[in-house]
Trainee: 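My questions all concern the structure below.
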There are 2 protein chains.
Amino acid sequence: MGNSKLYKGSLNTIILKLLEKNDKMYGYEITQRVKELTKGELEITEGALYPALHKLESEGLLDVEVVKVDNRMRKYYKLTQKGTTETANRLAELEAFIRNMEHLVNPKWSID
Amino acid sequence: MGNSKLYKGSLNTIILKLLEKNDKMYGYEITQRVKELTKGELEITEGALYPALHKLESEGLLDVEVVKVDNRMRKYYKLTQKGTTETANRLAELEAFIRNMEHLVNPKWSID
DNA sequence: ATTTATACATAATATTCTTATGTATAAAAT
DNA sequence: ATTTTATACATAAGAATATTATGTATAAAT
């Protein structure tokens, strides 16, 4: 993903959040949406995305529905109930992460 | 590091930033400082920290100075000139990352 | 005397991602 | 007409980064 190593570990959270907002999406759509939302700065690679989707499905966080559009396959993913709960948890973790990084990188208070 | 997977990839940036602020630090000190600054939420493991410090040193971003205090060894690390430059780059990347994650997770504008 | 804290280190394993490769159809460009 | 680009999925080999487990050694606290 992208050029920066910082995204490592955040792909699942990104996928879950997009599905929370958009009800159902397919893989290729996710890559394009992320590109748009980050103005081209974040490009999800297929080698990361598809295994991630499969894993989230196997964990019971996503349901899949295969559809044929213009003679091409699409696999639409949507959050399960468990997935919706887990998304809230992941988002809380993300916010905690960002708060912590801000403390470390731009501390408003300091013990020095 | 911690419980969340999100920190994967950010350890180097954290180390560099702490050294930018504190001139020189030793490994154990870094683990304790991070723990304090995050109110215990982020605990750097030694198995991640020491290899990271060695790598940053081998890349020429850190200089090391071995000191004996109370008959115990300490390896003090500090930024090289190259390390100072690289720290600025990494911090800019971190800020870009956080902006992008905010766009993805809490978009102020939306194309939907 | 034992445990906890300080202080370093590395090996085996797990996780996550990149890069490369593969299949297949539709649309656009040459 | 043919080649390239876009759409749409997938997986395997390898790199990068972290966890867990283990090891050495000294000082302080229980």
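In what follows, every chain begins at residue 1, and chains take the letters A, B, ... in the order their sequences are listed. Values below: all heavy atoms of this structure, side chains included; hydrogens, waters and symmetry mates excluded.
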Trainee: Check B:K55 with B:E59, please: is the shortest side-chain N to carboxylate O separation under 4.0 Å?
Mentor: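 A salt bridge links B:E59 with B:K55.
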
Trainee: What's A:G47 touching, base or sugar-phosphate or nothing? Going by heavy atoms closer than 4.0 Å.
Mentor: base

Trainee: Going by heavy atoms closer than 4.0 Å, what residues in residues 4-12 of chain B are next to DNA chain D?
Mentor: B:Y7, B:K8, B:G9, B:S10, B:L11

Trainee: Please check the phosphate of C:dA7 (OP1 and OP2 only) for any side-chain N or O of B:R74 closer than 4.0 Å.
Mentor: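 Yes, such a contact exists.
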
Trainee: When you measure from the side chain of B:Q32, which nucleotide among C:dC8, D:dA10, C:dT6 comes out closest?
Mentor: C:dT6

Trainee: Using a strict cut-off of less than 4.0 Å between a Lys/Arg side-chain nitrogen and an Asp/Glu carboxylate oxygen, indicate whether A:E93 and A:R90 qualify as a salt bridge.
Mentor: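 Here A:E93 does not pair with A:R90 in a salt bridge, since their nearest N and O are not under 4.0 Å apart.
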
Trainee: Name the nucleic acid region contacted by A:K55, choosing base, sugar-phosphate or nothing; use a 4.0 angstrom heavy-atom cut-off, strictly under.
Mentor: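 If one applies the 4.0 Å heavy-atom cut-off, A:K55 turns out to touch the sugar-phosphate alone, with no base involved.
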
Trainee: Assign A:E46 to base, sugar-phosphate, or nothing according to its heavy-atom contacts below 4.0 angstrom with the strands shown.
Mentor: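 It contacts base atoms.
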
Trainee: Are B:Y26 and C:dC8 close enough that a side-chain N or O sits under 4.0 Å from OP1 or OP2?
Mentor: no

Trainee: So, does B:H54 get its side chain near the phosphate of C:dC8, meaning an N or O under 4.0 Å from OP1 or OP2?
Mentor: no

Trainee: Over how many whole Å does the gap from B:Y50 atom OH to D:dT24 atom C1' extend?
Mentor: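 Going from B:Y50 (OH) to D:dT24 (C1'), I get 13 Å.
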
Trainee: Look at the side-chain N and O atoms of A:R72 and state whether any lies under 4.0 Å from the OP1 or OP2 oxygen of C:dT25.
Mentor: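 Result: no.
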
